[in-house]
Amino acid sequence: MAMDYGKCAKEIYDTLGGRSNLVSAAHCATRLRLVTVDNSKIDMKKLENIDGVKGVFSNNGQLQLIIGTGTVNKVYEEFLKVSGMTAATKEEVKAAAAAQQPILKRMIKALGDVFVPILPAIVASGLMMGLVEALGKALPAFAGSDWYGILDLMANTAFTFLPILIAVSATRVFGGNIFLGAVIGMIMIHPNLINAWSVGSMDAADIPVWRLFGLPIRQVGYQGHVIPVVIAVWLMCKIEKWMHKHVPEMIDLFVTPLCTVLITAFLTLGAIGPVFSTAESYVLDFAGWIITVGHGIGAMIMGALYPFTVVCGIHHMYNVIEAGMLSAVGGLNIWMPIASAANFAQGAACLAVGLKSKNVKTKSVAIPSSLSAALGITEPAIFGVNLRFGKPLLYGMAGGAAGALLGSIFHIGATSYGVTGIPGFLITLDYTWQYAIVLAVSFVVSFALTWILWKEEVQEEEQKKGTVTEIIKDLEHPAQTETKEAILFAPVKGNVILREAIPDETFASGVLGDGVGIEPETGEVVAPFDGEISSVTDTRHAVGITGPNGMEVLIHVGIDTVNMKGDGFELLVAEGDKVKAGQKLIRFDIEKIRKAGYSTTTAVLLTNSEDYPEFRVVKSGKTEQMEKLFTIE
């Protein structure tokens, strides 16, 4: 019996609590994506048992109902009718879902969104800085050479101008003009301002100020800082948007940019900067006091808290404390092992995420970032991975605390500053084995906690709701009367992998049906049999096709490629088209997908596989297009 789309939509609508509990609705190739006011008001079990709903889970603020290719679009149309809602794009639903998140989660997500695009620059610079510094310490002659000079310049450029990179990225996130954002970043590190790293060694009376309307504005830059730049750009975007709404269109072109930059710059240099500088001084005074307290307890606390100072962008200022230690009696830097333990632990947590995650994009960021952290540069690991996921940051803090406590007990002292992690062996030569133990303990504690306790967000949601894994109800389809074997041929040339190995939890779990993944060698999808196109996506990356013996097949190119919004994809068919086996359906750009940071793995799934008593995958490894892939009876 065919599904009653109207009935399915009405039951979903009623179970969700009606219009007052709905914010937005959209759909993709297989799922109805909803944002509700309060998910706790919804009877999830009842929702799962609605005829036509194959699974339910909540992810990133969205309630996602798995319905299946070829049917989800029809249920969606009926849902709009019964709810009185208007169609929304997936981006609009995503934005609505984000607005429903707690403010702390939104703030952390915003930081992640700001830093992810600039991670390649930070990772490359971080790795180069660590290697150049290590070579300079190991080979004194190299440290004074021209090669060292030019490599050092190349290595530290991204960090020297980090506020500009952050400003541009933050402006994209907050929806402003990126060139105005870049100007704000440039103002904050203008060469006419005193370099932020030099301020700590100056007396307050020696710092020049401007006096405007009787109010002092310190002539200090923000090199190495993070939070002030993000706050300044967020404020700039708010001002720019307000002015676009209120300034007459005739003069908007020059009035809005001028006023936006001037107002933001004055507020940044006059208010945001001084407030943040005051907070910096309190943090540094506290740090200088606490590391000498309580037989290592103070060091343990700072080993845990150190990542927060990296988030605030003030960790470079610890050089002042370290320089003071080196100039004091004994001349050893006892802060270095604390920072090193904290950095190494964050790298270990990041590595655990990279090795454990099934998301290819997460792996591609986490693993090189962990290497950067091992060399003493933790921004990629913290901002790109640990802070985004939350719990790895905490597990890294635990490892940092354990290592810092040992460093204090061992009385490790360094002969310089500015170097941590593996290169730190070069400045702790009198404490080699003790320093090795500190790093090992930091690594093991952090890595083990992350590996055992951290789970990717989708998996956490599945455990909470109990609705995704192994949820496939018996659909009220009649049993197949034909026993003749039906064959699906490979729609893509490449390497066939098991369904469970597809780097996407929904596909891999089998909730959308059984099948395989194909790692493509060419950017072309062809029809796997004679059939009819039952659904297409507006982002052109997936098609549904029905064929022999009632087979309903989803071909989904890449993982999370919906986010590319069709860029790199060419759809060659339309819904309702009759197609012949081997006919071209989609062309796609493999390199563009990879450069965007997504896996090219193509899911080929029989979405109604539960309707058949026999489903057999008959091909693995390398395959050409139109080789026999799987059969059903």
### Task
For residues 572-581, pull every pair meeting salt bridge (Lys or Arg N to Asp or Glu O under 4.0 Å), keeping only residues two or more places apart or in separate chains.
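For residues 572-581, and leaving out neighbouring residues, the salt bridge (Lys or Arg N to Asp or Glu O under 4.0 Å) pairs sorted by first residue read E532-K578.
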### Query
For D43, what residues pass the salt bridge (Lys or Arg N to Asp or Glu O under 4.0 Å) criterion, not counting sequence neighbours?
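For D43, no residue satisfies salt bridge (Lys or Arg N to Asp or Glu O under 4.0 Å) once neighbours in sequence are set aside.
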When you measure from the side chain of [X] to the backbone N and O of [Y], does any donor-acceptor pair fall under 3.5 Å?
{"X": "K595", "Y": "Y598", "value": "no"}
{"X": "K363", "Y": "S357", "value": "yes"}
{"X": "R499", "Y": "A508", "value": "yes"}
{"X": "S169", "Y": "L165", "value": "no"}

### Query
Are W454 and F389 near enough that their ring centres are under 6.0 Å apart?
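Yes, close enough.
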Could you check whether any side-chain heavy atom of [X] comes within less than 4.5 Å of a side-chain heavy atom of [Y], counting everything from C-beta outward?
{"X": "P528", "Y": "L629", "value": "no"}
{"X": "F588", "Y": "T561", "value": "no"}
{"X": "D514", "Y": "L606", "value": "no"}

### Query
Relative to each other, are the rings of F569 and H541 parallel, tilted or perpendicular (30° and 60° limits)?
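The rings of F569 and H541 stand perpendicular, inter-plane angle above 60°.
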### Query
Which heavy atom in A348 sits nearest to a heavy atom in F447, and how many Å separate them?
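In this case the closest contact between A348 and F447 is O-CD1, 3.5 Å.
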### Message
So that I can tick it off, tell me whether K74 and E77 are bridged by a salt bridge, with the cut-off set at under 4.0 angstrom between side-chain N and carboxylate O.
### Response
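No.
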